[in-house]
Amino acid sequence: MPTLFIPHGGGPCFFMDWDPPNTWDRMASFLRGVQASLPEKPKAALVVSGHWEEAQVTVQTGAKPPLLFDYYGFPAHTYQLSFPAPGSPYLAARVSDLLGAAGFSVRGDAVRGYDHGVFIPLKLVFPEADVPVVQLSLRADYDPAAHLTMGAALEPLRDEGVLILGSGMSYHNMGVLMKRMRGGTQDVEPASQVFDDWLTGAVTDPDPAARNAVLMDWMRVPAALDAHPREEHFLPLHVVAGAAGADIGVKVLDDVVMGAVESAFRFG
């Protein structure tokens, strides 16, 4: 299986009216095409979302995770969405074993449901909800090297038919975007272009060691903190890059939403 860093949009954006109406169309079309792009149907999906961080790495162990409607102020029908994909206690145990062998302290959570960084994009990726899904938390210290190492420990899952997904946004400064939207600004946010140019070059570097080295030091690059005032929507990329091994990254989505460049990347 490849590994992918995908955008999950804004709240339940793909399932509601928006102004302008086509704001999220290109991103939604990309997500709908992910399953067909895979070499075969995954046996399961492991998802790292920007909406779950814990002091200790935590893996979701429930057999039937509920949904966490962890967004606010959206239309009533968006709190009635369903995504009945099963969990996988087997995969959760395998993840714990692999991370434990790499020196990580891991705990399980049998109660937590899928947050919207999981169920919103996966409703498009797996509309039949017939692929078991397990969510893995970020580490709350936001250590880039640790998240790359987490991914490297999980790489064997790819040969076991598991699709590893990082769900975040390549640009996530919502304060800037909301201000621009209210002001009716139509041009591309300059910082998003600067950061995306760097990011695309970093991810597609033909030397995976060089790629990971610059990702570890990403906060020093131009416009990094403009693009990500907090790191949580970017670090899922580090996990999938770590799991990529020697595979070279390819940009598979180049979109502009609310004035920001938003990208997706695939390894393998």
Side-chain angles (χ1 to χ4, degrees), residues 1-6 8 31 33-49 52 54 56-65 83-110 112-115 117-119 121-139 146-168 203 208 211-212 235-250 252 264-268:
M1 284 289 151
T3 71
L4 290 102
F5 176 72
I6 61 171
H8 59 241
L31 292 169
V34 167
Q35 184 169 195
S37 76
L38 302 176
E40 60 185 11
K41 184 175 180 178
K43 293 182 172 63
L46 177 67
V47 186
V48 181
S49 160
W52 189 18
E54 297 282 353
Q56 181 181 5
V57 179
T58 306
V59 62
Q60 186 184 55
T61 60
K64 294 182 178 180
F83 182 67
S88 174
Y90 169 81
L91 176 57
R94 180 82 174 114
V95 168
S96 294
D97 288 345
L98 289 170
L99 291 175
F104 290 93
S105 176
V106 184
R107 73 178 185 91
D109 188 329
R112 182 182 169 88
Y114 302 131
D115 63 49
V118 176
F119 76 83
L122 292 198
K123 277 181 69 65
L124 300 180
V125 176
F126 300 121
E128 302 300 319
D130 56 352
V131 172
V133 176
V134 170
Q135 187 171 355
L136 179 67
S137 80
L138 295 168
R139 231 172 61 166
H147 288 87
L148 283 161
T149 303
M150 284 170 58
L154 298 169
E155 184 182 0
L157 296 175
R158 298 174 57 194
D159 289 332
E160 299 168 19
V162 177
L163 177 66
I164 301 174
L165 294 170
S167 174
V203 170
R211 172 192 73 214
N212 290 350
L235 284 176
L237 171 66
H238 289 65
V239 179
V240 299
D247 287 333
I248 298 168
V250 177
V252 288
F265 297 95
R266 172 175 171 146
F267 302 86

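Only a predicted model underlies this, so the values are computations on that prediction, with no experimental measurement involved. Note: hydrogens, waters and symmetry copies are ignored here, and every other heavy atom, side chains too, is used. Numbers here simply count residues along the sequence, with the first being 1.
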Reported [atom1]-to-[atom2] distance for the pair [X] and [Y], which is rounded to 0.5 angstrom:
X: L38; Y: M1; atom1: CG; atom2: CE; result: 5.5 Å
X: E155; Y: I164; atom1: CD; atom2: CD1; result: 8.0 Å
X: R266; Y: L4; atom1: CZ; atom2: CG; result: 6.0 Å

Main chain of [Y], side chain of [X]: is a donor-acceptor contact present, judged purely on distance under 3.5 Å?
X: R139; Y: V57; result: no
X: Q135; Y: V47; result: no
X: Y114; Y: L122; result: no
X: S88; Y: P86; result: no
X: S167; Y: G117; result: yes

Tell me the closest heavy-atom pair linking [X] and [Y], and the distance in Å.
X: L148; Y: A241; result: CD2-CB, 4.1 Å
X: P2; Y: G268; result: CB-O, 3.5 Å
X: V203; Y: R211; result: O-CD, 3.6 Å
X: I6; Y: P121; result: CD1-CB, 4.1 Å
X: P65; Y: Q60; result: CB-NE2, 3.8 Å
X: F267; Y: D247; result: CD2-O, 3.8 Å

Quiz item: Do the side-chain N and O atoms of D115 and S49 include a donor-acceptor pair separated by under 3.5 angstrom?
Solution: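 Side-chain D/A pair, D115 to S49: present.
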I'd like to check [X] versus [Y] (side-chain heavy atoms, cut-off strictly below 4.5 Å). Are they in contact?
X: L138; Y: P236; value: yes
X: W52; Y: T58; value: yes
X: S137; Y: R112; value: no
X: V59; Y: L99; value: no
X: L154; Y: L136; value: yes
X: V239; Y: T3; value: no

Practice problem: Using salt bridge (charged side-chain N to carboxylate O under 4.0 Å, His left out) as the criterion, list what pairs up with R94, not counting sequence neighbours. | Solution: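 With sequence neighbours excluded, R94 shows a salt bridge (charged side-chain N to carboxylate O under 4.0 Å, His left out) to E160, given in chain and number order.
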Self-check item: Those residues that, when tested against D130, pass salt bridge (charged side-chain N to carboxylate O under 4.0 Å, His left out) (two or more places apart)
Solution: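 With sequence neighbours excluded, D130 shows a salt bridge (charged side-chain N to carboxylate O under 4.0 Å, His left out) to K41, given in chain and number order.
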